[in-house]
Amino acid sequence: MIELLLRLLCAGLFILGAAFLVRRRELLAMLIGLELMINAANLMIVRTALARGDAHGLAAALIVIAAAAAEAAVGVALILALYRDFAEPEAEEIRELQG
Amino acid sequence: MGVMLLTWLWCAPALASALIAALPSRRLARAAALMASAGILAYALYLGRPLFDQTSLAILEMPFPASAFGIRYTLALDGLSFSLCALTALLTLLSLAASWKSESSQGFWSCFLALEAALMGVFLSRDLFWFYVFWDLALVPMFFIIGLWGSEGRRKAAYKFFLYTAAGSLCLLLGLLSLVVLHQRVTGIWTWDMAELALSPGPGRHAPWIFALLFIGFGVKVPVFPLHNWLPEAHTEAPAAGSALLAGSMLKMGVFGILRVLLPVFPMQCWRYLPWLGTLAVINILYGAFCAMAQKDLKRLVAFTSVSHMGFCLLGIASMTNVGLQGASLQMINHGLSTGGLFLLVGMLYERTHRRGIEDFGALAEKAPSFTFFFGFILLSSIGLPGLNGFVGELLSLLGMAQSYFPLALLASMGAILAAAYGLPAFQKVFWAPAGPGSVSEKVMDLDLREQLILSTLCLLILWLGLSPGTLLRLLQPTASLLARPV
Amino acid sequence: MGAPLALIAGPLSACAGLVLVLLLGLRKDHPAPHNPFIERCAAMACTAIGLFFLLNAPEAARTELLRADGWSRCWQALFHLATLGLLATIPLKGERPLILALASLAGLDFLASADNLLMLFVSLELMSLPVYLLVWGLLPSRKSLEAGIKYFLTGAAASALFLFGLALQYSASGSFSLHGERSADSALGFALMCAAALFKTGIVPFQFWLPDVYEASEPELAGWMSTALKAAGLLLLARLLFASPAVPAALWLSPLAALSMLLGNILALRQQNLRRLLAYSSIAHAGALAAALCAWTREPHAAPAVIFSYLSAYLFMNFGGFLGLRLTGALCVQDLSGLGRRAPLRSAFLALMLLSLAGLPPTLGFLAKLYVFLDLLQAGDKFLAAALALSSLIGLGYYLGLVRRMYMDEPAAAAEQPPICSRMAHSLIAVLCALACMLGGLYPSMSTDIGSVLAAPAAEGSVR
Amino acid sequence: MMTQYAALGVVAIPACALLVGNLFFHGRWASRMHLPMILSCLLVSLCSLFLAWEVHSGMPLLDAALRPWISLNGCMDSFGLRIDALSVSVLAMVAVVSTLIHVYASAYMQGDPGYGRFFLYFHFFFLSMVGLLVSNSYLQLYIFWEGVGLSSFLLIGFWRHKESARAAAWKAFLVNRIGDVGFLLAVLLMLRYFGTTRFEVVFRLAGELPPGIAALIAGLLFWGACAKSAQFPLHVWLPDAMEGPTPVSALMHAATMVTAGVFLLARSMPLFAHAPQVMSAMRAIGLLTALAAAIVAATQKDLKRILAYSTISQLGFMVLALGAGNVLAAVFHLITHGFFKALLFLCAGGVIFALHDSLHGATSASVDDAGGLSGRLPILTGAFLIGALSLAGLPPFSGFFSKDLVLESVFSSRPLAVLSLLTAAGSSFYIFRMWLLAFLGDRSLQRGPSSPVHAPGLRMKVPILSLAVLSAAGGMLGAPLAAMLGAPAPSLDLHVSAWALGSALLGFGAAWRACMSRPDFDWDWRKRAGAFERACGRDFGWQDFTDGFARAMKECADVIADAWENRRWDPFTESLADSCVGLGEQACALCRGRVNEYAAWMFLGTLLLIFAWVLRWVSCF
Amino acid sequence: MVTLAVAVCAVAALASAGLAFFSKNLYSSAFCLLAVLLQVALLFCLLGSTLLGLLQLLVYAGGIMVLIVAAVTAVGPESGNAKALGPSRAHAWALLALCAVPTAFFLIAARHCAPSLPPAAMLEKSMARLLFNEYALLTEAVGLLVLVASLSVLKEQHD
């Protein structure tokens with residue numbers, strides 16, 4: 001039961017995160033979506049680790065959290081730079097490169 | 001390793017090409033190119049001595065051991081290769097001599113020698129890998145020759161030439177590779193050697209496909225009927241020397257490939273498809289002739305006659321008889337001489353007037369009698385007047401077909417009628433008819449000594465081959481009798 | 001010492017270089033833009049030392065995370081070689097790009113020897129995170145920022161896909177080993193991870209970021225990315241393919257490969273920006289590589305060597321191609337008009353690279369393509385072979401179009417001609433690339449020779 | 001030994017003369033080009049007469065291979081010489097007549113800007129014909145056969161500024177090519193079945209051929225001969241060929257070109273013996289041609305055209321004789337025809353030369369332009385009369401004997417006999433009509449010119465007179481010729497001679513009645529039956545048909561080259577490339593630079609991968 | 001009991017994620033994200049790893065959320081113009097519909113999962129040991145990653 005629930009939650013979070021990327025046009029919202037996706041994965045890892053009593057999974061979760069933090073930092077830095085230099089934090093606005 | 005005599009035959013022009021590209025002055029480059037090509041011709045003839053003496057049937061050179069996938073650098077010079085190499089060397093020399101006055105840069109001369117190197121490589125290689133390398137390599141200098149030194153439409157023509165023939169090359173590549181891979185799969189031996197792949201058991205049920213791929217690959221170069229339409233444009237736009245070499249040597253690559261690869265590997269298929277191949281050949285002959293008949297541009301006309309003449313090569317091959325194959329081989333040489341000569345002549349006309357239209361000229365016979373003589377002579381060779389070389393090749397090809405399948409020979413011989421129908425009116429219009437209002441005939445000076453020498457060489461060869469083709473046929477015979485269908 | 005050295009020689013040298021550059025950067029405190037020559041040399045020296053160790057460390061070794069053998073060493077050597085080129089040529093206004101490149105190199109090295117999904121994920125992150133910053137930072141402009149953000153967002157999404165796949169595989173097998181237990185979850189997991197790998201390689205529905213990013217980056221960086229990062233993606237793909245449950249690659253990879261080859265070349269036909277054009281061409285080349293990978297799953301014999309030969313050939317010719325863009329200073333197609341007369345040597349170099357990319361004999365590119373053809377035909381994959389042939393033809397269309405433009409078009413007005421870059425390092429590397437492309441093509445046993453080095457892992461079956 | 005040298009000399013001397021003329025007679029010397037040529041002709045005549053004498057006195061057949069040409073496993077041919085009765089008899093006639101025409105031409109062409117070139121071509125014509133006669137294989141014969149075609153092309157188009165001359169030259173070459181292809185195919189078949197085309201081998205083995213093949217070969221050879229000897233349906237080039245200078249016409253009609261076809265047929269008789277169907281076709285075609293051409297000749301006005309149709313008609317007689325298997329008759333008629341036709345042409349040329357001033361540059365004259373010349377050109381009048389009498393077949397002129405032989409050979413069949421007698425009457429009619437109108441007619445009625453006429457010079461008179469003598473006395477050659485050919489000596493069959501004589505006289509009477517008794521008859525008749533006259537002028541529509549066919553071919557070429565090659569196929573191949581670029585444009589619509597879309601595509605791709613995997617996984621269970 | 005708590009948390013997390021997606025205001029999106037993160041941390045605790053829960057709280061709520069909120073503050077919560085973008089709504093729904101199959105597969109796969117064991121003791125301790133022994137290199141690599149990330153921030157300051 002718990003398994004099913006958690007799987008539902010993981011899938012839901014992951015798909016919602018993807019939906020952020022597909023449908024939201026604010027870059028920061030897309031970042032939020034990314035965090036959701038990572039969290040979904042992390043939840044899955046932790047659940048497995050705890051269910052199997054496997055310390056490797058926990059270590060992995062910790063490492064993933066750190067990596068996600070690094071990624072988020074880079075993302076925020078990029079978006080802020082765009083805002084600061086060009087004041088356009090929208091996906092729709094950055095379309096200079098195309099074709 | 002030895003001295004690698006044959007390797008030098010393609011290495012020498014390659015090196016000369018690189019050297020000439022680096023020379024500081026145009027005049028120096030020109031002289032060097034001419035000397036180099038003369039030297040290469042002499043060297044080629046020197047190499048062919050044992051073949052002439054009939055002390056050996058072929059010279060083989062395999063200096064290196066086999067490498068990955070059984071690729072092995074192997075060169076062989078037999079009668080067929082030798083005659084094509086000599087033809088290439090000769091045409092290069094004559095074409096370069098004919099463009100002596102062009103103020104082209106070093107690149108021009110360099111490109112021609114590079115082209116010569118690639119062509120020599122094609123005619124010498126016995127290893128399919130190297131064959132293909134040279135085959136494709138030949139496109140590059142020709143691309144530049146057309147694209148850089150051609151006439152107005154050169155950019156498009158060069159592009160079209162390259163892409164069209166490269167499409168054929170890719171088919172060829174696929175076919176060759178399938179052949180090699182299938183051979184390996186069946187026999188367990190990696191080999192790219194043409195001789196070893198002959199009658200390969202590899203293709204099996206895939207044979208029709210591989211045959212088709214190879215045929216398309218070679219056919220584009222020949223060119224075979226529906227795949228011919230790169231040729232008129234390339235010929236028309238190329239500089240005279242370029243079209244001479246393109247027609248004279250490059251088209252031969254296709255026929256050479258058919259003789260060297262397609263026939264030995266797929267004799268059964270060839271026999272089975274004989275009526276179809278023959279039909280294609282006949283279509284080539286008649287189609288080229290009909291198209292030539294309607295042309296208003298001299299160079300385009302000559303280009304279409306090429307299509308028609310190469311049809312005779314194909315006809316001889318399709319007959320799969322000893323005589324027909326010899327005829328096809330001979331026709332290659334003949335076509336090289338006569339069409340090469342015609343292109344040079346049209347080029348000389350273009351050099352003087354920058355016009356090529358039939359309507360642009362008239363009454364040249366009065367202005368330029370020796371020009372008229374040479375043009376008429378080579379034209380007669382091209383339309384197959386007996387006593388000149390063109391006739392011998394056509395006769396043997398037709399005879400071969402007559403031995404295998406007479407109705408096709410009958411149809412093909414209509415080409416001889418059409419030849420008169422396209423060649424002579426153009427000749428009459430340009431040389432006999434009074435000059436029209438827009439004519440540029442006044443600008444035409446008669447040939448100077450250099451040009452007369454070039455053309456006399458060709459004419460002498462034409463006459464010699466017409467009256468005594470035996471010498472050359474002896475060289476070509478071993479290949480032909482090897483490939484002929486046993487009676 | 002031998003065994004651990006074999007394991008971490010690559011990343012260690014990269015990290016050492018990174019630290020060295022950081023330390024050297026401390027000696028002066030002014031942040032003004034400058035060209036840090038010493039730092040560049042230090043970074044290159046460390047990378048070269050790493051390369052040296054890699055080539056001279058014959059032992060095979062493995063830990064829980066990593067394993068070192070001929071296979072991983074070869075890839076690491078490739079990465080080091082590419083990075084050396086990047087480090088030597090990248091234009092600098094501070095030492096930060098060096099640090100980022102070295103960090104990414106460390107990630108690449110880890111990726112090559114990783115034997116553990118978690119390690120793969122972390123190295124993937126370590127490989128790509130600095131590149132987002134490099135793309136953004138090297139050419140600080142709106143375009144580069146836009147490319148950086150696009151790359152980041154899509155790249156992070158790919159990482160998330162990988163991560164979720166990893167979690168699924170973990171839940172299926174209870175370990176992060178590549179060769180764990182199989183279950184329904186791992187089917188999903190491998191699909192997700194493969195998607196991430198395809199993203200890094202730039203295979204068709206995952207390729208959209210690639211032209212944008214290449215267009216906005218410096219040519220050297222784009223050249224490096226198209227070789228090193230693409231190779232990494234392919235490596236990842238290969239790993240997953242041979243660890244994954246038995247889903248035949250023909251089912252999903254071959255259509256995608258064919259699509260990449262064709263679409264990449266077709267899209268490149270109409271490009272005006274040269275970097276974008278080369279980006280599309282690199283998509284097509286990735287398709288060819290993926291095709292070779294498909295053949296690998298059917299015909300395991302020669303394929304690793306084939307893929308590696310293709311990649312090393314591609315390293316020379318594509319890096320050379322981008323270098324040619326830098327050397328000629330050409331940005332868009334029009335800039336090439338009449339270049340042949342203005343800068344004969346440079347345009348000859350660029351033309352050689354383009355013809356090599358087009359796969360014309362006797363260049364290295366031809367040999368690479370020939371191997372792939374052979375491989376495909378050996379595997380009996382006629383469909384892919386035909387697609388490759390067709391795409392080569394289309395590719396020839398634009399490569400040749402560029403050559404034609406260089407030599408057969410009238411030059412633009414003098415004012416509009418782009419300036420020509422003349423740096424020693426560029427010229428030197430260009431000469432190297434040209435030599436490799438010309439002579440390599442005449443050396444048909446390249447693949448078997450590489451194969452003999454790679455043979456060890458292939459025989460052991462670790463890759464499979 | 002002597003005979004071999006003489007035989008070789010027959011070919012070698014003209015070749016040397018050509019070489020010498022080509023190399024040395026340039027510039028000022030071009031006007032002396034006739035010297036080496038006439039000398040060579042004389043030498044060849046001597047050689048050939050010597051050979052004829054030798055053959056007559058019983059020299060065995062000379063058949064020598066000189067040098068190999070194409071040798072494929074020894075199955076092909078060499079260059080060689082064959083001197084036998086047939087070749088030597090025709091050769092002697094050709095050489096002598098050509099010599100005379102050469103002499104005549106040197107005067108006739110005096111002052112023409114292309115004088116040197118003319119003699120080169122002219123002599124090349126001669127060389128080709130001589131080579132053709134002494135060939136010992138079909139293949140070698142074919143070489144010279146084409147050489148004859150080429151030189152006729154050059155000579156008919158000699159006045160190259162004239163549109164009509166160019167067209168006629170092309171037409172001659174083309175039609176001859178059409179015939180040549182038949183010959184070529186016959187050669188191919190011979191090579192296929194015998195491995196060689198040497199006469200002796202071919203004739204020896206001909207009996208062993210499958211019956212259909214023998215007929216095919218014979219038919220193809222006949223087709224080739226039809227073109228050269230201007231038999232229906234390939235005769236269309238000959239009337240137009242009058243565009244060349246008159247000596248060319250004389251040479252072509254008397255000695256070189258048209259005789260080649262008859263010679264080929266005579267030569268191939270052993271082969272034709274195995275193809276009776278072809279023989280009957282030859283009879284039919286020969287007779288049809290003879291009759292039709294005679295009718296057409298009777299309606300023509302142009303001097304040279306009348307003679308041209310007359311040639312066609314006479315050639316029809318020869319083919320008729322050959323079809324009946326009578327080689328002697330054909331060859332004999334060939335020789336006498338050579339004499340009197342050359343004579344007639346030279347006379348016509350003399351008339352044209354004489355009327356030069358009033359023709360305003362035209363190169364031919366009609367009977368209208370001439371008329372009533374007898375007073376001013378007595379020699380020509382007399383010589384022409386001799387030629388006409390000979391052609392009409394009145395004794396004792398040469399034509400009488402040869403025509404008699406021809407009629408004799410077909411007399412056994414009533415329809416053939418009637419028709420050929422009718423033709424003989426027709427010949428008599430048209431030639432006397434021509435003579436009467438041109439030389440005796442009333443000037444005033446014929447609106448003839450009154451400007452002064454040029455009397456022919458010595459160099460024109462001598463050939464004319466010599467030929468007149470030959471035409472008059474050529475009948476004596478019958479017996480030696482028969483002896484040489486191994487046929488029974490011709491003896492006059494009085495029955496046949498009477499009929500022949502009667503028909504000739506009938507023709508003469510009709511001509512006299514038409515032209516002299518009512519001088520305006522000719523013109524009234526023209527007005528009344530204009531349609532018939534036009535039809536005759538176009539060979540009863542056959543010319544229209546062939547012209548239409550040529551036009552259709554040209555249009556066909558235009559359609560292929562333009563409508564198909566240039567407008568369809570070429571653009572199609574190019575559009576393949578363009579469509580690739582177009583596809584790129586379409587695909588670019590997908591890359592609009594929106595990062596959301598990138599992500600969407602990525603997820604879509606991932607989903608597809610998942611589907612592949614899941615499907616696979618599910619299908620495992 | 002735990003199941004119920006997990007269920008509540010899960011539903012809450014999903015709901016707040018949905019809210020985040022549909023709210024037009026970036027602030028509220030960020031706060032909804034915070035809620036999701038908190039629920040996930042809670043879930044970690046509920047499932048048996050308090051340490052990870054705390055870390056999640058620290059890193060995400062304390063680090064990442066601060067970053068995001070700061071960024072939102074800098075950028076402004078309202079979206080600018082509201083042009084249609086990217087894939088249309090229909091396409092997005094289609095994509096979502098396609099997701100249904102793998103999701104179902106994923107949920108059904110729960111049956112094949114290994115039965116859960118009782119929580120092992122000392123799990124977190126062995127995790128720590130792992131991080132500094134077998135996974136040492138991994139830790140190093142992540143350290144490098146963080147270094148790179150911090151460089152990006154430094155870059156911000158430099159330029």
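Because the structure is a prediction, the values reported are computed rather than measured. Naming convention: chains lettered A, B, ... in sequence-line order (proteins, then strands); numbering from 1 in each chain.
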Would you give the length of the straight line joining atom [atom1] of [X] to atom [atom2] of [Y], rounded to the nearest 0.5 angstrom?
X      : Y      : atom1 : atom2 : answer
B:F304 : D:I560 : CZ    : CD1   : 10.5 Å
D:N566 : B:Q295 : CG    : CD    : 6.5 Å
D:L189 : B:Q403 : CG    : CD    : 10.5 Å
B:I417 : D:D180 : CD1   : CG    : 9.0 Å
B:L424 : D:R177 : CG    : CZ    : 8.0 Å

With no hydrogens and no angle check, do the side chains of D:E565 and B:H228 hold a donor and an acceptor under 3.5 Å apart?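 Per modelled atom types, D:E565 and B:H228 side chains form a pair under 3.5 Å.
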Has B:W464 got more than 12 heavy atoms of other residues, nucleotides or ligands less than 6.0 Å from its CH2?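 Above 12, so yes.
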Neighbour count above 12 (heavy atom, 6.0 Å) for B:Y405 OH: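 It does not: B:Y405 OH has 12 such atoms or fewer within range.
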Salt bridge or not for D:D570 and B:K160, using N-O below 4.0 Å? yes
Is the shortest distance from a Lys or Arg side-chain nitrogen in D:E574 or B:K156 to a carboxylate oxygen in the other one below 4.0 Å? yes
Would you say the rings of D:F153 and B:W432 are close, in the sense that their centroids are separated by under 6.0 Å? yes
Indicate yes or no: at least one non-hydrogen side-chain atom of B:L227 is less than 4.5 angstrom from one of D:T573. no
For a 4.5 angstrom cut-off between non-hydrogen side-chain atoms, does B:F290 reach D:V559? no
For a quick test of reading the model, state the closest non-hydrogen atom pair linking D:A557 to B:A294 and the distance between them. O-CB, 3.6 Å
Among [options], which residue forms the greatest number of heavy-atom pairs with chain D at distances under 4.5 Å?
options                        : result
B:A416, B:A480, B:G387         : B:A416
B:L163, B:T321, B:L418, B:I383 : B:I383
B:V392, B:L467, B:L410, B:L385 : B:L467
B:S481, B:A289, B:S413         : B:S413
B:A402, B:P386, B:G362         : B:P386

Do you know which of [options] has the most heavy-atom pairs under 4.5 Å to chain B?
options                        : answer
D:L185, D:L174, D:L576         : D:L185
D:R160, D:E555, D:M553, D:H161 : D:R160
D:E146, D:E163, D:R192         : D:R192

Given that the side chain runs from C-beta out, which part of B:L380 has a heavy atom under 4.5 Å from chain D: side chain, backbone, both or neither?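 Answer is side chain: those atoms of B:L380 sit under 4.5 Å from chain D.
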Proximal component of B:A363, with respect to chain D [non-hydrogen, under 4.5 Å]: neither
Please look at [X] and chain B and tell me whether the side chain, the backbone, both or neither of the residue comes under 4.5 angstrom of a heavy atom of that chain.
X      : result
D:Y142 : both
D:F144 : neither
D:I143 : both
D:I178 : both
D:N176 : neither

Those residues of residues 214-224 of chain D, ordered by number, that approach chain B below 4.5 Å (heavy atom to heavy atom): D:L216
Backbone N/O of B:P226 and side chain of D:W569: donor-acceptor pair under 3.5 Å: yes
